[in-house]
Amino acid sequence: MAQHDIGALADLEENRPLKVMAGDTAILVIRRGNEVTALAHACPHFGLPLSKGHLDGDRLICAFHHACFDVSSGRQTQPPGHGDLRRYEVEHRDGHVLVELPENAEPHPAPPHVRAGDKSRRVVIAGSGAAADACALTLREEGFEGAIAMISPEGQPPYDRTLLSKGVLATGDLPRHLTITSPEALAERDIDLVEGRVAEIDAAAREIRTETGATQGYDSLLIATGGTANLLDLPGADLGGLHHLRSRQQGELLARAAGKASRAVLIGGGFIGLEAALSLAKRGLDVTVALREEVPLAKVVGEEIGRAIRTEHEAKGVRFVTGAKVAGFEGEGQVSAVRLESGETLEADLALLAIGVRPATNIAGLSPQEDGGLRTGPDLAVEGLEGVWAAGDVARVPTPWGPVRIEHWRVARQHGARAARAMLGKPEGEIDVPFFWTALGRQYRYLGHAEGWDEIRMDGEATGDFVARYVKDGRVMALMGAGRDAEIARVHAEMIRAGGPLPA
């Protein structure tokens with residue numbers, strides 16, 4: 001144990017997170033009056049500085065990816081990442097503040113959890129993505145000692161799918177952070193990882209059947225099967241070199257193919273496709289994006305921001321072909337070109353279909369809505385199926401933003417934790433505010449949810465630092481920005497306190 005003098009109390013600014021050096025270690029210090037709290041400085045998600053975050057009472061919001069922490073205890077309360085902040089002992093002496101740092105202490109201790117005990121109660125989780133992982137971990141952290149089985153289509157432990165279009169494609173390597181809960185960590189919590197794909201649910205018998213015919217009984221069931229990539233039923237769609245990006249296996253295949261290719265065509269202009277376009281361009285490929293619309297993402301973020309995003313991509317060498325409707329694919333066994341209805345052909349060594357996903361709810365016993373989503377209550381319980389919950393891409397949930405189905409990785413983790421607490425009869429707690437980020441020509445943050453708007457109020461220019469507010473019926477439904485991270489984190493805290501969208 002080493003004690004460090006971090007300076008005079010009077011010199012520490014009050015009511016804001018501060019980075020202070022204790023010897024060679026950066027720590028997070030918060031002063032409120034004569035009370036000083038010292039915590040680990042790095043966010044457990046990607047190690048980014050929490051001193052850049054927003055402090056709202058005891059809630060600290062990371063400015064980068066909006067993990068939330070209770071600074072009074074160090075406990076993490078909202079994803080992403082999974083680890084509390086270590087608290088350090090603080091002493092006052094002669095007007096100075098001294099902090100004790102234990103040697104070799106983990107800065108992000110795992111939340112306390114139980115192991116399996118009485119297995120008379122059983123939870124089955126269909127899926128092994130972000131929502132499934134959060135549900136399983138939360139069950140153990142909330143004291144559930146029954147059996148937990150996670151049904152994984154790939155037989156893989158949970159991983160961070162957001163990295164597939166960025167770190168995996170840009171380098172061809174699997175990044176250190178890809179796996180979010182290792183097989184060893186699952187075993188330490190007695191969470192059984194079972195390879196399989198759910199084919200049928202018998203709600204009356206409380207049983208699921210996989211495609212191989214294996215059965216699993218349950219007391220509580222979470223449907224967290226994610227989404228299935230949309231494909232094109234066109235001539236040449238069976239050629240080699242056509243890819244979609246939805247799973248770890250698909251990401252690895254595409255990354256390897258990119259290492260041998262020189263020309264790539266991406267069909268579709270959503271966030272994943274645009275991230276992938278930049279990642280492939282970083283690998284030195286000639287990249288063309290085929291879009292039906294003139295401006296990418298205009299229906300999601302507006303014309304001005306969409307044009308700025310397109311310009312950023314073009315500056316990195318990405319070419320856009322707009323008004324493009326794909327008619328088919330050409331090649332002998334392997335794709336060599338994408339053919340458009342206009343007659344134009346786009347030469348390609350590989351093609352990536354990035355035209356969205358459909359909820360993976362093609363399971364006997366489920367009654368999905370027209371878009372494939374499952375209608376749930378606020379606690380994510382599926383309507384009409386006792387003992388069944390849904391989370392992530394498959395869940396259409398009543399929220400302060402209306403009934404919504406949101407395909408965001410962080411939202412999926414929020415859903416998983418909420419469903420776990422609901423299974424155990426725990427209170428719902430405060431609202432989950434939607435948030436996502438995207439790494440394009442620069443880092444963009446998006447807070448809230450707006451499927452439409454009456455106006456977009458821009459503060460700043462889309463080509464520089466800005467915040468856009470999406471206003472509908474006199475309420476700010478969402479914000480998007482770049483270079484204004486602290487401001488967006490502050491509005492996040494306001495939405496939590498307000499219980500949803502803010503007055504315009």
Side-chain angles (χ1 to χ4, degrees), residues 45-46 64-65 79-80 129-131 154 156 158-180 226-231 241-259 261 263-291 296-297 300-301 306 309-310 312-314 316-320 348-358 360 392-393 406-413 435-446 480 482:
H45 180 221
F46 279 149
F64 301 96
H65 304 119
E154 299 178 63
Q156 295 280 347
Y159 59 89
D160 185 346
R161 188 165 45 80
T162 68
L163 295 177
L164 295 180
S165 55
K166 299 188 278 285
V168 173
L169 285 193
T171 65
D173 298 325
L174 297 182
R176 178 171 59 90
H177 291 288
L178 187 63
T179 297
I180 50 179
T228 302
N230 292 328
L231 304 178
L242 293 180
H243 297 264
H244 51 283
L245 186 58
R246 189 62 188 177
S247 71
R248 177 175 180 150
Q249 181 182 36
Q250 293 159 1
E252 292 174 0
L253 287 173
L254 178 57
R256 284 199 296 270
R263 300 163 302 182
V265 173
L266 279 82
I267 300 163
F271 287 108
I272 300 300
L274 292 177
E275 287 179 353
L278 286 177
S279 295
L280 293 173
K282 288 179 184 177
R283 298 278 295 275
L285 278 71
D286 291 330
V287 179
T288 300
V289 176
L291 283 179
L297 297 171
V300 180
V301 302
I309 290 172
R310 174 174 169 171
E312 290 167 0
H313 278 67
E314 290 172 334
K316 301 289 186 180
V318 176
R319 182 170 74 102
F320 286 83
D349 303 309
L350 66 85
L352 173 60
L353 304 181
I355 52 176
V357 301
R358 182 172 179 81
D393 294 357
I406 299 176
E407 298 171 357
H408 298 167
W409 189 84
R410 183 178 180 275
V411 168
R413 294 198 69 79
F435 172 84
F436 75 90
W437 66 94
T438 183
L440 299 174
R442 51 187 169 155
Q443 294 280 333
Y444 290 89
R445 321 285 179 204
Y446 187 103
M480 185 175 184

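Quick note: residue numbers are just sequence positions, from 1.
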Exercise for the section: Apply side chain to side chain contact (heavy atoms under 4.5 Å, CB included) to Ala130 and list each qualifying residue two or more places apart in sequence or on a separate chain. Expected result: Trp409, Ala412, Arg413

Completion exercise
Hits for ring-ring contact (aromatic ring centres under 6.0 Å, His included) against Trp437, two or more places apart or cross-chain, chain-then-number order -> His45, His65

Practice task
Find the distance between CG (Leu297) and CG (Leu291) and round it off to the nearest 0.5 Å.
Solution key: 8.5 Å

Problem - Heavy-atom pair of closest approach, residues Glu275 and Ala439 - result: OE2-N, 3.4 Å

Handout entry: Lys/Arg-Asp/Glu bridge criterion (N-O < 4.0 Å) met for Glu312, Lys316
Key = no

Problem - Value rounded to 0.5 Å, distance of OG1 in Thr179 from CD in Gln156 - result: 7.5 Å

Practice task
Evaluate side-chain contact (heavy atoms from CB on, under 4.5 Å) for Val289 paired with His313, printing each intermediate quantity in order.
Solution key: CA-CA 10 Å; Val289 176; His313 278 67; 5.7 Å; no

Completion exercise
Closest non-hydrogen contact found for Ala276 with Leu352 is CB-CD2, 3.7 Å

Exercise for the section: Please round to the nearest 0.5 Å and tell me the distance separating atom CG of Leu163 and atom CZ of Arg248. Expected result: 10.5 Å

Practice task
Determine the minimum heavy-atom distance between Gly392 and Ala131, stating which atoms define it.
Solution key: N-CB, 4.2 Å

Handout entry: Student check: side-chain heavy atoms of Phe436 and Thr162 closer than 4.5 Å
Key = no

Handout entry: Main-chain N/O of Leu253 paired with His243 side-chain donor or acceptor, under 3.5 Å
Key = no

Practice task
Without swapping roles, check the side chain of Arg445 against the backbone of Phe64 for a donor-acceptor pair under 3.5 Å.
Solution key: yes

Completion exercise
Val168 and Ala255 have their tightest heavy-atom pair at O-CB, 3.7 Å

Handout entry: From CD (Glu252) to CZ (Arg256), nearest 0.5 Å
Key = 6.0 Å

Fill in the blank from the handout: To the nearest 0.5 Å, atom CG of Leu285 lies from atom CG of Asp349 at 7.5 Å

Problem - Side chain Arg358, main chain Asn230, donor-acceptor under 3.5 Å - result: no

Handout entry: Residues His244 and Gln250: side-chain donor-acceptor under 3.5 angstrom
Key = yes

Completion exercise
Nearest heavy-atom contact between Leu280 and Ala258 is CD2-CB, 3.6 Å

Problem - Test item: Ser279 side-chain N/O and Ser165 main-chain N/O as donor-acceptor pair under 3.5 Å - result: yes

Practice task
Assess the pair Phe271 and Tyr444: is the distance between their ring centroids shorter than 6.0 Å?
Solution key: no

Problem - Spacing of Leu266 atom CG and Ile272 atom CD1 [to the nearest 0.5 Å] - result: 11.5 Å

Problem - Side-chain donor or acceptor of Arg283 paired with backbone N/O of Leu169 under 3.5 Å - result: yes

Practice task
Look at atom CD of Gln249 and say whether more than 12 heavy atoms of other residues, nucleotides or ligands are closer to it than 6.0 Å.
Solution key: no

Problem - Shortest non-hydrogen separation from Gly441 to Leu278 and the atoms involved - result: N-CD1, 3.5 Å

